[in-house]
Amino acid sequence: MAILGQHKRSQVNGSFRPDAVGKSVVVFGWVQSYRDHGGVVFIDLRDRSGFVQLRCEPTPFAEAHAKANLVRSEWVIAARGTVISRGDNVNPKIPTGAIEIAVEELEILSEAQTPPFEIRDGIETNENTRLTYRYLDLRRPELNNNFVLRSKAYQITRQYFTGEQGFIELETPILMKSTPEGARDYLVPSRVHPGQFYALPQSPQTFKQLLMIAGMDRYMQICRCFRDEDLRADRQPEFTQLDLEFSFVTPEDIYSVMEGYVQRIWSEMLGYDLALPIRRMTFNDAMDKYGCDKPDLRFDLPLTDLTPTLKDRVEFRVFVDAIAKGGIVKALHLPNGETFSRKDLDKTFPEEAAPHGAKGVAWARVTATGEWTGPVAKGISEELRGELNALLGAKEGSLILFLADKPSVVNASLARLRLVAGERLGLIDANAWAFLWVTDFPMFEWGEDEKRWYAMHHPFTSPRVDQLQNLESDPGSVLAQAYDLVVNGIELGGGSIRIHRSDVQQKVFGLLGLSDEEAQQKFGFFLDALKYGTPPHGGIALGMDRMMMLLTHSASLRDVIAFPKTQKATDVMADCPSDVDEKQWADLHIAKRRV
RNA sequence: GGAGUGGUAGUUCAGUUGGUUAGAACGCUGGCCUGUCAAGCCAGAGGUCGCGGGUUCAAGUCCCGUCCGCUCCGCCA
């Protein structure tokens, strides 16, 4: 007689507690492990919720016991029996450890091959093997639980925005128009229109703005976005954004709604009480003090610009040359400098800084009398040294790291060294949450390669209204009404107040090197729409994958995406991308190029 | 496009200066065992050393090329 069909599942396996003792129950699951004592057989039966121990004795249920002798790891079985107390044999290490199920009937639903790796937490397995057998990797409790949490976060998100804050959830197209600027598009060839292509959205940017023009007022979507760029531990080619757009708002209104959101999420997901308001810092301050636009503020260790102090007063060759070429000299002051060995100075630090363009890392150690030792010491007068000690707060035992180069290299290198040093000095509290709004980004950055301005955020971002007059005369000085939300040094999201005037939008396109004709061809529909009564509006998008990475303390995005891609953007399980039939090529009017 | 790192049993790894039959742990298979819970004890099976080429009397080990995973730079409005 079959259990499935005759009986309903009583409860999930991880939920059994002493109050269930005496109940007749039916459970389903995978065999986590079996322990055959010759007589009694114990089976740990796992499902998504955890596992419960089954006890199979030869009498009086001989048939169930005989089947229990056959089962192996990862077989799928059903069991019917009675919950009993374990008496003196309680296992305090597991939630269901006070009880077990005395099995009366056991049914084998599915046998299983021996899996290529054990389905347990804490098993180190090659990423390639894990991804090839992703369905088995996902069966591991730790990974499995990430997706239970992800589902919970989605539910809280919808409740907060659509249930409480007046947003409506709307969908935007996946097949859309390819746009210039920004990341490389994934393209989809059109069968109906030979030689023409759709693009997958990098983000639904223009559509959500059109929804504001359409009077939707507040829009929310948990949407998939696609960018055909190279991958990182925190970057996948397809990823999920919480996409939001608000009408009739200032940045303050958006900060306020978002702060309420992250406070709610961190509270309900982790029981963490986030103090509001979230700290703010301008882009310029972030670059100046921390060398990057997403500083990890779980610890301080600020950078100090020494250029004005050193200019014309220093003989150390590297500094002199850098300043002469228009570069800068910045320092990272590390208290407890004795933590760092000569090997760190000669090898670790230069190797960490090199990928960011640094040709070397100069250093000085500070003695009890305020003297310096190390390569920099010679070129610095006693007076200047005293000034620098005061400026940096350096005292006995301090280590000072110097970088001299063009600003981009100095900042990127020292930002990296700051993280390395913070970690080595034990300054990073793994349980801390350092939230930060980075504000006042520049509108444009200069691109040397094509000798033109690029939008730092995106082309729809509004400049500060009081700087509109400088848009053409001095684009580099104009600040954007843009903001990023940073958590522990990770960019969780970003957004801006948008341009809602057709003439300003056209002017910005012009600055980005789009002729009126091109602008009309690429964005004509959008420029037209702006002319039909556009509410002032703005929005933000949060990376849901990155947020789950933070909430689950995962080291990689792959641990919070069910079916992620490898670093070469492939799916090794399904073997994708792959060849397609000649017929498909023909249907799409595409010819293979001879290579 | 570039840099680094790894690829040896099903899994994680060790493998010395190039030298006998490539090892360990876990897993797997069989046996024993009625209170285990990462069960225990006994026995056993299991290898294209990523792939191709080269040097050598001899290559897991050295050289060249190539493929794949991961981390990073470039790239990511």
Side-chain angles (χ1 to χ4, degrees), chain A residues 32-45 51-59 65 69 72-74 84 86-94 96-97 100 102 112-133 136-137 179-185 202-203 205-206 225-237 239 351-358 408-409 412-413 416 441 443-445 447 449 453-461 480 482 491 494-496 508-509 512 514 541 543 555-556 558 565-568 570 572:
Chain A
Q32 166 99 25
S33 73
Y34 58 95
R35 295 175 291 279
D36 178 1
H37 286 256
V40 66
V41 176
F42 296 105
I43 294 171
D44 289 339
L45 194 67
F51 66 90
V52 65
Q53 177 167 285
L54 308 182
R55 187 183 75 176
C56 305
E57 294 211 291
T59 53
H65 178 259
N69 266 316
R72 291 294 181 268
S73 292
E74 301 308 317
I84 59 173
R86 291 209 202 174
D88 294 335
N89 297 308
V90 165
N91 183 351
K93 284 187 284 189
I94 58 174
T96 59
E100 61 194 356
Q113 291 184 21
T114 303
F117 49 84
E118 289 177 71
I119 313 298
R120 276 200 283 135
D121 287 340
I123 300 282
E124 294 286 320
T125 306
N126 180 282
E127 197 76 22
N128 200 22
T129 312
R130 291 177 58 190
L131 289 172
T132 303
Y133 299 93
L136 297 179
D137 198 25
T179 53
E181 297 281 310
R184 197 175 291 112
D185 284 326
Q202 297 171 28
S203 89
Q205 186 58 38
T206 49
C225 301
F226 306 84
R227 293 178 189 176
D228 188 3
E229 298 292 347
D230 288 336
L231 282 69
R232 291 286 186 281
D234 64 350
R235 257 162 48 188
Q236 282 272 314
F239 59 99
E351 281 179 4
E352 291 287 351
H356 303 278
S408 59
V409 169
S413 302
R416 175 68 203 149
F441 283 82
M443 268 295 278
F444 306 103
E445 53 189 340
D449 44 342
W453 294 102
Y454 284 82
M456 195 150 184
H457 189 57
H458 58 53
F460 311 102
T461 297
E491 183 192 331
S496 63
V508 169
F509 282 152
L512 296 174
L514 255 72
S556 166
R558 292 185 299 277
K565 302 280 191 289
T566 66
Q567 194 167 40
K568 289 222 168 99
T570 65
V572 289

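The analysis underlying the following values was restricted to heavy atoms, covering all of them including side chains, and did not include hydrogens, waters or symmetry mates. Letters go in sequence order (proteins before strands), and every chain restarts at 1.
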Between [X] and [N], is there a contact of a side-chain N or O with OP1 or OP2 at under 4.0 Å?
X	N	result
A:T570	B:rG69	yes
A:K568	B:rC68	yes
A:S33	B:rA39	yes

Looking only at the side chain of [X] (C-beta and beyond, no hydrogens), which of the listed nucleotides [options] gets closest?
X	options	answer
A:R35	B:rC33, B:rC37, B:rC73	B:rC37
A:H37	B:rC37, B:rA39, B:rC75	B:rA39
A:E229	B:rU71, B:rC76, B:rU36	B:rC76
A:R120	B:rG27, B:rA38, B:rC37	B:rA38
A:R86	B:rC37, B:rC73, B:rC70	B:rC37
A:N89	B:rU36, B:rG69, B:rC76	B:rU36
A:E57	B:rU71, B:rU34, B:rU36	B:rU34
A:D230	B:rG74, B:rU71, B:rU29	B:rG74
A:S73	B:rG69, B:rC75, B:rC28	B:rC28
A:D36	B:rU36, B:rC33, B:rG74	B:rC33

Between atom [atom1] of [X] and atom [atom2] of [Y], what is the distance when rounded to the nearest 0.5 Å?
X	Y	atom1	atom2	value
A:R416	A:E352	CZ	CD	4.5 Å
A:Q202	A:H458	CD	NE2	11.0 Å
A:I84	A:E100	CD1	CD	4.5 Å

Under 4.0 Å, heavy atoms only, any strand: does [X] hit a base, just the sugar-phosphate, or nothing?
X	result
A:R558	sugar-phosphate
A:D44	sugar-phosphate
A:Y454	nothing

Mind calculating the distance between [atom1] ([X]) and [atom2] ([N]) to the nearest angstrom?
X	N	atom1	atom2	answer
A:Y133	B:rG69	OH	P	16 Å
A:H356	B:rU71	NE2	P	15 Å
A:I94	B:rA39	CD1	P	11 Å
A:Q32	B:rU36	CD	P	19 Å
A:R232	B:rG74	CZ	P	7 Å
A:Q567	B:rG2	CD	C1'	13 Å
A:Y34	B:rU34	OH	P	18 Å
A:E100	B:rU34	CD	P	17 Å

Take nucleotides 5-12 of chain B nucleotide by nucleotide from the 5' end and write B, S or -, depending on whether a protein heavy atom sits under 4.0 Å from the base, only from the sugar-phosphate, or from neither. -----SSS

Tell me which nucleotide, if any, is Watson-Crick or G-U wobble paired with [N] when both distances must be under 3.5 Å.
N	value
B:rA24	B:rU12
B:rC33	none
B:rU5	B:rG69
B:rC57	B:rG19
B:rG47	none

Between [M] and [N] - [atom1] atom distance, rounded Å:
N	M	atom1	answer
B:rU16	B:rG23	C1'	14 Å
B:rU55	B:rG10	P	31 Å
B:rU8	B:rU61	C1'	11 Å
B:rG50	B:rG60	C1'	12 Å
B:rA39	B:rG27	P	7 Å
B:rG52	B:rC13	P	24 Å
B:rU17	B:rA3	P	28 Å
B:rA14	B:rG7	P	7 Å

A:E445 meets the salt bridge (charged side-chain N to carboxylate O under 4.0 Å, His left out) criterion, sequence neighbours left out, with none

Could you tell me if A:R35 and A:S33 have a donor-acceptor pair between their side chains, going purely by distance under 3.5 Å? yes

Which residue lies toward the 5' end of RNA chain B, A:F51 or A:A233, if each is placed at its nearest nucleotide? A:F51

Donor/acceptor link under 3.5 angstrom from A:R235 side chain onto base of B:rC76: yes

Electrostatic pair A:R227-A:E229, nearest N-O below 4.0 angstrom: no

Could you tell me whether a side-chain N or O of A:E74 sits under 3.5 Å from a main-chain N or O of A:Q113, the two making a donor and an acceptor? no

Please say whether more than 12 non-hydrogen atoms of neighbouring residues, nucleotides or ligands are located less than 6.0 Å from OH in A:Y454. yes

Hey, mind stepping through A:N126 and A:F117 against side chain to side chain contact (heavy atoms under 4.5 Å, CB included) and telling me if it holds? CA-CA 10 Å; A:N126 180 282; A:F117 49 84; over 6 Å; no

Using the side chain to side chain contact (heavy atoms under 4.5 Å, CB included) rule, take A:V41 and A:I43 through it: C-alpha gap first, then chi angles, then the decisive distance, then the call. CA-CA 7 Å; A:V41 176; A:I43 294 171; 4.2 Å; yes

Applying side-chain contact (heavy atoms from CB on, under 4.5 Å), can you list everything that pairs with A:T570, at least two apart in sequence or on another chain? A:T566, A:K568, A:V572, A:P577

